[in-house]
Every structure is written in C-alpha cells, then in structure tokens.
Amino acid sequence: MSNRSSRWRSGAAVLVLVAAGLVMPPATATAAFPYQDPALPVPVRVADLVSRMSLEEKLGQMTQGERASVSAADVTAYRLGSVLSGGGSAPQVNTAAGWADMYDGYQKAALATPLGIPLVYGVDAVHGHNNVAGATIFPHNIGLGATRDPGLAERIGRAVAEEVSGTGIDWNFAPCLCVARDDRWGRTYESFGETPDLPASMASIVTGLQGETLDGPASVLATAKHYVGDGGTAGGADQGDTRLSEADLRAVHLPPFEAAVRRGVGSVMISFSRWNGVKLHGHRYLITTVLKEELGFGGFVVSDWNGIDQIDGLRGTSALDVRTAVNAGVDMVMVPVEWRRFIDLLRAEVRAGRVSTARVDDAVRRVLTKKFELGLFERPLTDRSYTASVGSAAHRALAREAVAKSQVVLKNAGGVLPLARTGGRIFVAGKNADDIGNQSGGWTITWQGLSGAVTPGTTILQGIRNTVGSAATVTYSSDGSGIDGSYRVAVAVVGETPYAETRGDRPGGLALDAADLSTIATLRASGVPVVVVLVSGRPLDIAAELPGWNAAVAAWLPGTEGQGVADVLFGVVPPTGRLPMTWMRSFSQQPINAGDGQTPLFAQGYGLT
C-alpha cells in the first residue's frame with residue numbers, strides 16, 4: 001500500500017479538514033477543477049493548475065524557507081512551496097511523532113491557501129533520518145562505498161524512506177554523488193568513492209528512496225547532489241574551485257549524476273563550488289544545457305543553503321544573484337532566512353523582464369509535477385503507520401549488516417584477527433570506543449555532529465562486550481591506563497571526532513592526534529598484541545605508526561550500530577570491505593587517486609579477507 005495512499009485510510013479526515021476550510025475538496029468525480037482530479041494525467045493537472053496561479057503563487061512555489069524562520073501563517077500568506085529543516089533543526093519535541101505533528105501543521109497551512117497546493121518538506125537524511133533522535137544511523141557513504149554492494153545501498157534507501165515517511169517528510173536532500181578526489185576535503189565521507197564508477201553504481205540508493213514510482217510505498221523524493229564537481233576542488237577546499245577541462249569534468253564528476261537521472265531522481269541540488277572560476281549556482285550551461293537538455297533531467301533543480309548569495313561575490317541576496325540563478329535553471333531557491341527578500345527581488349526581476357514568465361512557469365511546472373507524482377494533492381498528511389519504523393529493530397539489523405560489510409582490514413600480522421570470542425582478557429581503549437557521537441560523525445542530530453550519547457545505539461565497546469558475553473573479560477580505559485601483560489589482546493578505537501562541511505577541511509595534515517598516539521603507545525608498551533580500529537571519515541596518515549600495530553581496520557563512520565564492527569573483529573562476519581579511496585603513504589601525496597602514478601600505502605580496492 002502506498003505511504004500516501006495509506007496516509008488517510010478513509011475519507012473522514014479529509015472531510016473534516018474540508019469542512020474546516022483547511023483542505024481543497026478531495027479529488028473525485030466532483031472535483032471542482034481538473035487539477036484536483038487524480039484520474040487525469042499529471043501534465044494535464046499541472047497545466048490546469050499553473051493556468052490558475054497568480055504571479056505571487058508562482059513565486060511562492062519557487063521559494064524554500066527554513067522552519068526556524070517560517071511560521072505556519074507564513075506558509076499560508078506567502079503561498080510557500082517548501083520548508084526545510086537544516087542540520088540540527090528539529091521540533092521542540094525531537095521524536096518521530098513530534099516531527100509528524102510539526103509537518104502536519106505546516107502542511108495544513110499550505111492546504112489553507114486558495115488553491116490548496118501542498119508543500120514539500122526537505123531534510124538532509126544523509127545516513128539515516130539523522131536529525132531525528134532515535135532514528136537508525138547508517139554508515140556514511142564512504143563506508144557504503146567500501147561494501148561495493150549497490151543492492152545493499154538500495155535496501156538502505158528503502159529503510160531511510162520508511163523512517164522519513166513516518167515523520168511526514170517527503171523530500172530527502174540525498175544522496176551525495178560527489179567523487180571525492182582529495183582527502184583533505186571535509187566532506188570526503190559523503191562520497192562513495194574517488195572514481196566515478198563507485199558513486200554511479202551506488203546511485204541505486206535513489207531507487208530505494210523513491211521506490212519504483214513516486215506514489216509507491218513510503219516514497220520520498222531523492223536529491224542528487226552536489227552538481228557538479230564539488231569533490232574535485234583545488235586543495236580539497238570546501239566550496240572551492242574545480243579546475244578541470246570539460247572533458248575531465250565529464251569523465252570524472254558527471255557519470256554519477258547521469259546514473260541518478262537514469263533512475264529518475266526527482267531533484268538535483270547545485271554545488272556551492274565553482275568550475276574554473278564560475279559559481280555553479282549561476283552556470284546556465286551546466287544546469288540547463290547539460291543537465292536538463294542533454295541528460296534529459298525532468299525533475300526540478302534546487303539551490304543549496306543560501307547558495308545563490310555567492311554568485312555576485314557580495315554578502316546577502318541581490319537582484320543579480322536572483323536573476324542569474326533562476327535564468328541559469330535553478331527552479332527552487334533555498335533561502336533559509338531571507339526568503340521574503342528573495343520573493344521581492346524575483347518579483348521585481350520578472351516585472352522588469354529580466355526573468356521571463358516562461359522561465360518562471362517552467363520552474364513551477366517542474367516543482368508541481370513532483371508534488372502531483374508524490375500524491376501530495378490527494379494524501380498530504382503523515383502516514384502514521386510508518387512512524388514506528390523510526391529506529392526499528394529491522395532497520396538497525398540492516399545497519400549492522402552494512403557496518404560489517406564496510407569494514408576494511410588493512411593489516412593482520414600473525415593472524416591476530418579474528419579475535420577469539422572465548423577465554424582470557426581483552427583490553428579496549430580509545431576515545432572512539434564508547435562514543436555513539438564519534439562513531440556516527442557529522443550530520444547526526446546536529447549539523448556538525450557531537451561527541452557523546454547523542455542518540456540511542458550500540459557503541460563499538462558495547463558490541464565487543466555483547467560478542468564475548470561472559471566467555472571473556474573485557475576491560476575499558478579511554479587512554480589505555482591500567483593495561484598490563486595479562487591481557488591477550490588490546491583493541492584501540494581511535495581516529496576523528498565529528499565534523500561536517502568547511503569545519504572538516506584539514507589542509508594541515510591527517511595524522512592521528514596526540515591523545516590517540518599516546519593511547520596506542522601505552523597499549524604497545526604492555527607487550528600484548530594491538531589491534532587499531534580507525535573511526536574516520538577518510539583515510540588517515542598512519543604509515544609511520546602502522547609497523548607497530550599487529551592489525552588495523554578501517555571502520556569509517558559506522559553510525560549507531562557498532563555491533564557490526566565487533567562482528568568482523570571476532571569473525572562473526574568475514575571481512576569483505578575494500579577501500580573506496582586510495583590510502584596515502586604520506587600526507588604530502590594529497591591529492592592521491594587511482595591511476596595518478598603515485599605509490600600509495602594501500603591502493604583503492606585493497607582489503608584483506
């Protein structure tokens with residue numbers, strides 16, 4: 001049954017809202033206008049609705065504001081087409097039900113407009129429904145890339161769609177299909193891999209999110225981002241400049257978007273970055289000529305957070321920003337706070353003839369088409385039957401499977417792995433051993449992520465303890481203090497702490513920090529074998545330390561299900577992960593990628609089994 005078709009299981013709720021003046025009459029044989037009749041083809045319904053819309057209503061459909069700056073009354077008064085939650089922007093009650101209540105409140109406000117056009121609500125559910133406390137947090141994309149399993153990615157997309165649907169949300173700003181070419185970039189973990197074949201194959205997650213049809217069960221509009229070349233900037237600088245020939249841009253960075261378009265992705269988000277000095281948000285050739293015309297993308301293009309503001313190089317949204325972006329082919333503009341100013345500027349540009357009514361109508365048609373295809377006009381409110389799926393046991397089991405398949409064994413001297421599940425004493429240390437926030441990384445509950453018990457889950461330490469049960473003794477000390485030669489093995493879980501875009505850029509080095517190095521040194525001094533588990537969003541500079549480790553495992557950013565890491569450490573699941581990135585021999589090699597002639601520590605595709 002469709003998530004939207006089951007949102008209201010009878011017409012009773014609809015009739016109540018109609019009587020209250022909050023909803024247009026249900027689309028039936030007595031529909032007042034053709035656009036309200038679901039028996040008609042979507043293009044017919046779209047054309048009829050557009051013909052009835054004023055300029056103000058059209059401008060509203062092209063506008064997206066952030067929930068903290070948009071009231072329900074604003075949605076009604078300004079005919080807003082979309083609202084979003086940015087990273088960490090949650091309702092006061094951050095539960096699945098709290099989200100559903102918030103969503104329904106905004107949606108009822110949209111339905112109270114004269115034409116009753118529903119809004120589409122967007123979130124960055126980039127590794128699970130990560131703004132929602134209690135949601136299942138899956139491995140970040142770099143870990144999924146290590147699985148080399150498009151079918152798994154599709155299943156994860158389906159699970160995420162169910163959790164997103166259970167909170168009412170109908171639009172996900174995912175997947176990120178960037179091809180990360182420089183590990184210094186703070187968004188490297190959002191990439192499935194450094195060569196275009198990996199992100200292109202993992203675009204299967206689009207099908208998982210959207211389903212076979214947009215009005216199918218728990219269907220959520222997917223977004224291919226960030227178009228195009230954001231992973232290729234000079235020096236790995238976030239929002240930087242990708243300096244490539246068009247042939248190289250097409251060969252390296254375009255294929256994942258081609259794959260997403262073939263899968264019918266509903267929206268595409270533009271990159272903050274530049275291509276050879278020109279901001280992508282104003283690049284008509286790449287947005288309209290290449291994406292829409294050449295690739296045949298039929299969905300709508302959305303800007304990134306205040307992304308159009310950067311076109312003229314000055315702070316704040318200007319008339320030049322607005323007309324350049326819209327004329328380039330941006331259909332919906334994300335203006336989190338100054339959305340009223342955007343509407344005023346766009347209105348003035350249209351009236352002055354600098355943005356044509358034809359361009360506005362094209363943008364509005366694209367947005368409305370997806371709203372009709374999602375079934376929002378017939379079934380606009382949250383399907384509460386999916387609310388219980390948020391953080392469900394089935395989804396956590398899927399996440400655990402994904403974690404296990406993402407583990408890459410880098411070193412295993414003397415066959416220390418897999419660890420025996422019975423007998424003796426095991427020492428566990430490291431700041432990332434017992435920290436859900438650290439193992440989940442950025443884009444978890446907050447934008448940049450946080451250390452600590454930010455959301456329910458199983459830490460790697462808990463996973464180890466669960467695996468051995470009473471058959472072995474597990475001792476934990478974050479800094480390694482207390483270890484002696486009586487332990488049969490020491491496991492150090494170290495690496496990065498949470499970060500997201502911009503703040504995650506590391507142009508000065510990618511080595512382990514002093515605390516991690518000290519912890520490992522303490523463990524080594526005991527004389528017991530040391531297994532190092534690296535929790536990180538990218539390869540780290542470890543070549544100098546690796547000879548002193550008995551084993552090393554790249555765990556990436558596994559999310560809430562740390563049991564999957566323990567599954568591989570103890571041989572419950574065999575290691576099958578392979579590196580989606582080339583692993584540097586030294587930081588001085590950055591950028592390093594497959595086929596560039598440099599000799600890495602570990603090649604892309606490496607992984608012990």
Could you tell me whether the side chains of [X] and [Y] share a donor-acceptor contact shorter than 3.5 Å?
X: Ser526; Y: Tyr487; result: no
X: Ser273; Y: Asp230; result: no
X: Ser486; Y: Arg425; result: yes
X: Asn438; Y: Ser451; result: yes
X: Thr188; Y: Glu194; result: no

request  = Using side chain to side chain donor-acceptor pair (under 3.5 Å) as the criterion, point out the one residue from Asn172, Thr167, Thr136, Asp124 that pairs with His129.
outcome  =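 Testing His129 for a side chain to side chain donor-acceptor pair (under 3.5 Å) against Asn172, Thr167, Thr136, Asp124 leaves exactly one candidate, Thr167.
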
**Prompt:** Quick one: which of Gln563, Arg421, Gln462 gives a side chain to side chain donor-acceptor pair (under 3.5 Å) with Thr467?
**Reply:**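 Only one of Gln563, Arg421, Gln462 forms a side chain to side chain donor-acceptor pair (under 3.5 Å) with Thr467, namely Gln563.
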
message: Is the ring pair Tyr121/Trp99 parallel, tilted or perpendicular, if the boundaries are 30 and 60 degrees?
response: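 Taking Trp99 first and then Tyr121, their aromatic rings stand perpendicular (interplane angle over 60°).
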
Should the pair Phe602 and Trp583 be assigned to parallel (<30°), tilted (30 to 60°) or perpendicular (>60°) ring geometry?
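Perpendicular, since the angle between the ring planes exceeds 60°.
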
request  = Walk me through it: do Phe272 and His226 pass the test side-chain contact (heavy atoms from CB on, under 4.5 Å)?
outcome  = CA-CA 8 Å; Phe272 280 121; His226 302 88; 5.9 Å; no

**Message:** Regarding Asp101 and Arg384, does a basic nitrogen lie under 4.0 Å from an acidic carboxylate oxygen?
**Reply:**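 Result for this pair is yes, salt bridge flagged.
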
inquiry  = Does Arg274 have more than 12 heavy atoms from other residues, nucleotides or ligands lying within 6.0 Å of its CZ?
reply    =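 Yes.
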
Between Asn306 and Met334, is any pair of side-chain heavy atoms under 4.5 Å apart?
->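 Not in contact.
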
